[in-house]
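What follows is a set of notes on a single structure, which appears directly below.
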Amino acid sequence: MKHMGIAITGSGSATPGAKLTNQGLSERVETSDEWISTRTGIKNRRVAGEGESLTAIATQAGLKAIEQAGISPTDLDLILLATSTPDDLFGNASQIQAALGAHQAVAFDLTAACSGFLFALVTAAQYIRTGTYQKVLVIGADLLSRWVNWSDRTTCVLFGDGAGAVVMEANREDRLLGFELKSDGTQNHCLQLAYQPKYEEIIPNLSVAQGTYQFITMNGKEVYRFAVQKVPEVIEKALFHAQISSDRVDWLILHQANQRILDAVAKRLNIPPDKVLSNLANYGNTSAASIPLVLDEAVRSGKIKPGDLIAASGFGAGLTWGSAIFRWGR
């Protein structure tokens with residue numbers, strides 16, 4: 001079987017309208033702009049208000065990516081949605097398919113938390129490489145405001161809502177040069193959004209769990225230690241697969257979790273600060289949306305140009321982490 005090359009031909013992003021500043025958060029919990037900024041680099045985050053849904057912002061991001069790629073929704077063969085916060089626990093991708101009018105596309109959800117977009121990108125690549133599908137829309141979207149404990153100042157300052165998307169197409173020249181994905185379930189307890197059962201007896205001696213999911217819990221020190229150690233390693237492995245040295249990377253796009261993590265990873269890889277793309281000051285940690293959100297802003301501002309070499313890495317709950325090396329555009 002002849003394997004196809006891959007090009008990433010369009011990007012798009014969308015965020016809710018409401019902005020929550022550090023000052024605003026300090027009215028809710030005991031914190032301050034200085035405390036949050038110095039420890040995380042975050043100044044603002046967007047949060048979904050009444051009437052806003054994951055389906056809506058994911059669809060907006062998808063439409064922008066489709067338009068930039070110069071194709072129609074009906075050209076799509078597959079839609080992959082990376083999310084941990086669907087509007088419907090059975091999945092959201094089909095609703096997005098309908099909203100886009102992408103009648104020909106298969107659509108399904110994929111969950112790998114903050115690594116979700118990278119995992120979905122690599123999954124989409126396999127369908128294209130084998131010739132199964134030609135045009136794929138990959139969306140990373142999360143509304144973490146739904147699952148944040150807004151009285152817990154250690155976590156509520158970190159997270160925001162957003163969506164980002166890319167179009168991937170079969171291409172004569174292969175622009176996806178290398179990747180590496182990793183998981184370690186023994187560290188799952190470090191970052192969780194766990195189900196809490198509440199048992200109800202339906203007949204004598206038979207009870208079923210009818211609880212709900214709890215708020216996000218996180219061991220910040222352990223997650224920081226994990227990211228600073230594992231992310232440079234996984235990027236180096238992806239670069240090795242691509243047969244490219246780190247000094248040839250034009251842009252480093254990391255999951256936007258904490259500016260200190262971004263700085264530490266770049267330093268380990270000897271990548272200068274001016275090559276590290278960051279927008280977490282404006283959006284906070286948007287989970288699966290963070291990488292495509294940064295990518296889209298940099299593409300639309302003219303910072304990322306066709307042919308630029310990008311090293312991207314996602315990391316988060318699971319614990320999961322991964323990296324992909326690709327050139328932008330056809």
Side-chain angles (χ1 to χ4, degrees), residues 6 8 80-84 108-129 138-140 142 144 158 164 166 168 176-194 216-246 249 251-258 260-271 276-277 280 285-292 294-295 309-326:
I6 293 160
I8 302 174
L80 282 182
L81 172 67
T83 188
S84 304
F108 65 90
D109 293 41
L110 179 156
T111 301
C114 300
S115 306
F117 176 77
L118 248 297
F119 278 50
L121 187 88
V122 171
T123 301
Q126 310 317 307
Y127 284 105
I128 295 172
R129 286 209 197 288
V138 177
I139 305 171
D142 272 304
L144 289 177
L158 301 174
V166 296
M168 299 173 65
L176 178 60
L177 306 176
F179 69 86
E180 182 83 8
L181 303 179
K182 295 285 187 180
S183 301
D184 181 6
T186 66
Q187 300 297 306
N188 177 259
H189 60 279
C190 293
L191 180 52
Q192 284 186 313
L193 205 174
I216 294 168
T217 59
M218 183 174 71
N219 183 329
K221 288 182 179 178
E222 284 301 317
V223 172
Y224 179 90
R225 191 177 297 129
F226 144 75
V228 170
Q229 179 190 351
K230 297 295 187 182
V231 173
E233 289 177 3
V234 83
I235 294 171
E236 285 172 340
K237 286 181 179 178
L239 286 167
F240 176 78
H241 295 319
Q243 298 182 306
I244 287 172
S245 56
S246 62
V249 171
W251 304 106
L252 179 64
I253 304 182
L254 301 177
H255 166 52
Q256 305 288 293
N258 184 309
R260 286 178 171 180
I261 294 175
L262 272 61
D263 295 342
V265 171
K267 188 175 181 180
R268 281 272 303 270
L269 293 167
N270 293 316
I271 292 176
V276 183
L277 296 178
L280 69 83
N285 179 343
T286 56
S287 190
S290 75
I291 290 173
V294 179
L295 175 69
L309 184 68
I310 295 164
S313 182
F315 52 92
L319 294 174
T320 55
W321 64 108
S323 179
I325 313 300
F326 59 91

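If you're wondering where the values come from, they're calculated on a predicted model, not measured in any experiment.
Counting heavy atoms from C-beta outward, Ile235 and Leu254 have side chains that approach closer than 4.5 Å. Using a 4.5 Å heavy-atom cutoff, the side chains of Ile325 and Leu309 are in contact. Counting heavy atoms from C-beta on, the side chains of Met218 and Leu158 come closer than 4.5 Å. Annotation: side chain of Lys230 is not in contact with side chain of Lys182 (no heavy-atom distance under 4.5 Å). Leu269 has its side chain out of reach of Lys267: every pair of non-hydrogen atoms, C-beta onward, lies at least 4.5 Å apart. Side-chain atoms of Asp184 and Thr320, non-hydrogen and from C-beta on, never get closer than 4.5 Å to each other.
Expressed to the nearest 0.5 Å, how far CG of Asp142 lies from OG1 of Thr83 amounts to 4.0 Å. To the nearest 0.5 Å, the span separating CD on Glu236 from CD on Glu233 amounts to 7.5 Å. For the atom pair Ile128 CD1 and Leu176 CG, the distance stands at 9.0 Å (nearest 0.5 Å). Distance check: Phe226 CZ to Leu319 CG gives 5.0 Å after rounding to the nearest 0.5 Å.
Scanning all heavy atoms of the two residues, the minimum distance from Ala82 to Phe117 falls at CB-N, 3.7 Å. When all heavy atoms of Ser313 and Ile291 are compared, the pair lying nearest together is O-CD1, 3.4 Å. The two atoms that bring Pro232 and Ala227 nearest to each other are CD-O, 3.6 Å, heavy atoms only. Residues Val138 and Ala124 approach most closely at CG2-CB, 3.7 Å, considering heavy atoms. For Gln256 against Ser290, the heavy-atom pair with the smallest separation is N-OG, 3.2 Å. Across every non-hydrogen atom of Leu144 and Asn285, the tightest pair is CD1-O, 3.9 Å.
Looking at Gln243, its side chain never comes within 3.5 Å of a backbone N or O of Leu239 through a donor-acceptor pair. Ser323 places a side-chain N or O within donor-acceptor distance of the main-chain N or O of Ala312, the cut-off being under 3.5 Å.
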